[in-house]
2 protein chains.
Amino acid sequence: MPDPTPYIIYTDGACLGNPGPGGYAAIVRQGAQEREFSGGFRRTTNNRMELTAAIVALESIPAGSQATLYSDSNYLVQAVNLGWARGWKAKGWRRSTKEKALNPDLWERLLKLLDQRKVTFVWVRGHAGNSQNERCDRLSVAAAQRPNLPPDAVFEAGEKI
Amino acid sequence: MPDPTPYIIYTDGACLGNPGPGGYAAIVRQGAQEREFSGGFRRTTNNRMELTAAIVALESIPAGSQATLYSDSNYLVQAVNLGWARGWKAKGWRRSTKEKALNPDLWERLLKLLDQRKVTFVWVRGHAGNSQNERCDRLSVAAAQRPNLPPDAVFEAGEKI
RNA sequence: GGACACCUCCUAGU
DNA sequence: ACTAGGAGGTGTCC
């Protein structure tokens with residue numbers, strides 16, 4: 001049975017060049033316990049990193065748990081809160097008959113995690129003095145700068161076309 | 001008819017904190033004659049002081065005259081020489097559809113002065129041994145340190161919003 | 001047309 | 001380490 005204490009999660013993504021070397025970071029707190037996660041890819045996009053940060057954070061908490069997740073990405077927060085992502089999935093990852101919804105690999109992972117957890121997404125303005133958001137920002141930039149980053153295989157495959 | 005001898009002008013701005021107490025200074029020379037101007041505000045920005053220094057200097061020379069103005073502010077020199085300021089004005093003080101151009105009050109004053117004078121702006125690297133620039137620097141810092149500085153009303157009004 | 005984010009480059013002021 | 005300013009851009013959505 002999952003611990004009923006809710007999680008507080010901050011996430012951020014960075015990308016040096018967009019597309020370029022990218023990093024993600026998450027701070028996951030439950031009561032007095034706090035964990036940090038970060039990582040990067042050698043070539044990706046800012047929005048893929050914002051999504052990945054949320055995925056990594058939610059993968060770190062058990063199914064059935066409750067969380068509030070803070071992000072400065074409107075792409076992420078609105079796609080969840082306004083039901084965009086569910087709509088794209090329902091239409092076979094299309095936004096309209098002729099326009100594809102992007103990053104379906106990451107959205108699939110995220111929606112599955114959300115099915116198993118009770119998560120509230122909250123948008124926070126970036127670079128506006130929120131210390132947790134700013135720490136995530138620094139962590140994600142640092143991750144993007146690490147040497148020998150692995151490939152974001154899905155992104156790089158999409159570029160070859 | 002204006003004196004045809006060209007003016008040599010050095011300007012600088014300083015700001016203790018940005019935003020913070022700010023000072024401007026100008027040295028205006030014509031032949032053997034030299035004048036100095038300086039002043040300050042209790043709370044303003046570095047770029048507003050760089051602009052103000054140029055405005056005060058050009059207000060001190062007659063319409064129709066010719067001048068070369070040296071400044072270490074890229075904001076000032078490029079906005080004049082590359083036509084940025086004219087462009088912002090033409091677009092209703094916007095840099096793009098969504099981004100406002102800042103300090104329109106000062107740019108309006110400066111552009112009007114430039115319409116009536118033949119002024120060449122030259123950028124000089126700050127703190128690089130130019131004695132006139134360094135004297136301006138000292139004057140502007142001293143001005144910023146004076147007690148009982150008046151308010152930069154436009155700046156403080158903009159902060160309240 | 002709008003929003004958010006991610007940058008790249010440059011300068012100045014602390 | 002910070003803030004105030006400028007030019008150019010992409011990633012994504014409505």
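Note on naming: letters A, B, ... go to the chains in the order of the sequence lines (proteins, then strands), and numbering restarts at 1 for each one.
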Spacing of [X] atom [atom1] relative to [N] atom [atom2], expressed in whole Å:
X	N	atom1	atom2	value
B:M49	C:A12	CE	C1'	14 Å
B:N130	C:A12	CG	P	13 Å
B:L16	D:dA4	CG	P	15 Å
B:D72	C:A12	CG	C1'	7 Å
B:L82	D:dG6	CG	C1'	10 Å
B:N81	D:dA7	CG	P	15 Å
A:E134	C:C6	CD	P	11 Å
B:D12	C:A12	CG	P	10 Å

Count the heavy atoms belonging to other residues, nucleotides or ligands that lie under 6.0 Å from CZ of A:R94, then report whether that count exceeds 12.
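Yes, CZ of A:R94 has more than 12 neighbouring heavy atoms, counting only those of other groups under 6.0 Å.
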Near A:R43 CZ, under 6.0 Å, is it more than 12 heavy atoms from other residues, nucleotides or ligands?
yes
With ring-ring contact (aromatic ring centres under 6.0 Å, His included) as the test, pick out the partner of A:Y70 among A:F121, A:Y7, A:Y10.
A:Y10
Tell me what A:E50 touches on the nucleic acid: a base, only sugar-phosphate, or nothing, going by heavy atoms under 4.0 Å.
sugar-phosphate
Quick one: label B:G13 by what it contacts on the DNA or RNA (base, sugar-phosphate, nothing), any heavy atom closer than 4.0 Å.
sugar-phosphate
Got [X] and [Y] here, is their nearest side-chain heavy-atom distance under 4.5 Å?
X	Y	answer
A:E50	A:S71	yes
B:S38	B:R146	yes
B:Y75	B:L51	yes

Any ion pair linking B:R125 and B:E134 (charged N to carboxylate O, less than 4.0 Å)?
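So B:E134 does not pair with B:R125 through a salt bridge.
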Quick check on side chain to side chain contact (heavy atoms under 4.5 Å, CB included): which of B:N130, B:D12, B:I27 does B:R135 satisfy it with?
B:I27
Neighbours of DNA chain D within residues 135-153 of chain A, by heavy-atom distance under 4.0 Å
none
Looking at A:H127, does any N or O in its side chain come under 4.0 Å of the phosphate oxygens OP1/OP2 on C:C6?
yes
Could you work out which one of C:A3, C:A12, C:G13 sits closest to the side chain of B:R125?
C:A12
With sequence neighbours excluded, what pairs up with B:W123 under the side-chain hydrogen bond (donor to acceptor under 3.5 Å, both in side chains) test?
none
Output one letter per nucleotide in nucleotides 8-14 of chain D: B when a protein non-hydrogen atom lies under 4.0 Å from the base, S when only the sugar-phosphate is that close, - when neither is.
--BBSSS
Can you work out whether A:Q78 or A:C15 has the more 5'-proximal nearest nucleotide on RNA chain C?
A:Q78
